[in-house]
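Read the structure below first, then the notes.
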Amino acid sequence: MFYRVLLIFCLSNTVAFAKAADVSAQKLLENMSQAMKQLDYQGTVAFFKNGRLDTMKYFHSVNNGQEQERLLSLNSPMREVIREAGSVRCVFKKTNEVVVNNNPVSDSFIVDLPEDFATLHNVYSFVALESESVAMLPAYVISIEPKDQYRYKRKIWINKENFLPLKSEVYDLSGTTVEQVVFTDIHVSSPISTASSIDHKVKNHNTKEQVEPPSIEQARIVLQQLPLHYSVVFYTRMDERSMGQSTGHILLSDGFSAVSVYIEDKGDDTKEGLRVLGSVKSLTKIIDNFQITVLGEVPVSAVRFIAQGIRLK
Amino acid sequence: MNKNINQMISQFLDDELDHTELDSLLHEIKNKPELKNTFNRYQVMSQALKAEQNITINADFLEKIKQQINQEPHYLLPKKVSKNRSVNFWQKTSLAVAATVACVAVIVSQQVGTQDNNQTQQMAAVDIKLLEQPAQNVEYINKPSQHERLKAYLQAHNDELYTHGSLYVHPLASTVSYGRD
């Protein structure tokens, strides 16, 4: 508790500094990253993606240094989602089933952030824009602008009081919003009850029980070229029950944008080519008897560039 | 090169081209009139796919028409004595052919109408079912189709299952692909 009070005190001090002109957009993002990890907070979040809107209750808590995020749906299908200790569990209330993903692509339901912002200066510009209000709260507005054609622009609205994110938006190359996450209300709170209904029958998602993920060396392909600052986050094998066969999954990320590469035996109906699935771009190519699909919420040039550099081992 | 141009056209239709690439593409189209046909074809494909209409005809379509015709009752009516005996043979024959063609057209149109409606409804029902249940719980006897695999890829890649309760995938719609020329 003492550390939390200390943190809020430190953050408040930072607010004073933030008023000074020399506080950089990067510093604000770093403060936000810290606040997101260390504060207990809850609120109502609207997720807008591909023309669909859903609103959920959101809880973030820290217990013994371990973060927990919890989402509770307000609309059908009723569900509760918990991100904890590197895995995500989703309980569907109607069927009483639990889906577990031991290799989630995102680190947060609200916004994905890199570990080190300083290393991204040659691929993104962080620009502080004029302040705005979100949910009647004054907010810094940071524009994260890509310097190449391999990632999308995004904006983040940061609460001036406690540095928590209030809103984030992702834009495609034409400037259209492809994704929006916005708090309609948010408040920092005392430690939140972490009680949940996760004692139902558990069905695994795309991985087996908690096992050490395989090394990237075991992948059947080599990624010979990646856009600057994209790196391998993990390599795993997806559940054969859902895919009908062993499928390798490599996750790449630059901290903000994520791209997945899937490798499996070529199917009878496999067609090469580019596909646009809402805001997701995917490119499938066939090499010998393997089909490789590169997929992500990134510009076409990114999936194409990655796909062009894929070779079989 | 042709593949690149096709890809650029596809990107153009998705508003994915920057100004330089757009200029280059428009210049290419201006210099090569045949590319305009490709462009028009892609645009029609894109619009058709985005319209979310999917009409497919079974491989046994013709066989079913044949069966339907065979099942038509045969009417053994007493032969009418024609008052106008001046109607010649060729007139009778052409009338018979026209009647047969009209009959077949009616049967075929009915068959196509009912079959397509049923099929579209069935496909929609299957898609809703798939979206409502977690995909990993489906046990596939055979290897899933490319579309199903793409859905599994998407589910593994993003959080939409959690934030929206289902995976956003328009069945075959809003999907633009290009072939290899």
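What you are looking at is a predicted structure, and each value in this text was computed from that prediction instead of being measured. Reminder, nothing fancy here: chain letters follow the sequence lines and each chain counts from 1.
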Interchain contact, [X] with chain B, by part (heavy-atom threshold 4.5 Å):
X: A/K281; value: side chain
X: A/T284; value: side chain
X: A/S260; value: both
X: A/V259; value: backbone

Looking at [X] and [Y], what are the two nearest heavy atoms and their distance?
X: A/Y262; Y: B/Y153; value: OH-O, 2.6 Å
X: B/E16; Y: A/V300; value: OE1-N, 3.6 Å
X: A/L274; Y: B/Q7; value: CD2-CG, 4.5 Å

Per-residue contact mode, B/Q11 against chain A (heavy atom under 4.5 angstrom)
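Interface part for B/Q11: side chain.
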
Side chains of B/L154 and A/L295, heavy atoms from C-beta outward: is any pair under 4.5 Å?
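A side-chain contact exists here, since the closest heavy-atom pair is under 4.5 Å.
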
Do A/D172 and B/D14 have side chains that get closer than 4.5 Å, going by heavy atoms?
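Heavy-atom side-chain distance check fails, nothing below 4.5 Å.
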
If you draw a 6.0 Å radius around CG in B/N37, do more than 12 non-hydrogen atoms from other residues or ligands fall strictly inside?
yes

Take a 6.0 Å sphere around NZ of A/K147 and say whether it holds more than 12 heavy atoms from other residues, nucleotides or ligands.
yes

Rounded to the nearest 0.5 Å, how far apart are CD of B/E21 and OG of A/S301?
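Those atoms lie 7.0 Å apart.
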
Going from OG1 on A/T293 to CZ on B/R149, what distance comes out if it is rounded to the nearest 0.5 angstrom?
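Going from the OG1 atom of A/T293 to the CZ atom of B/R149 covers 8.0 Å.
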
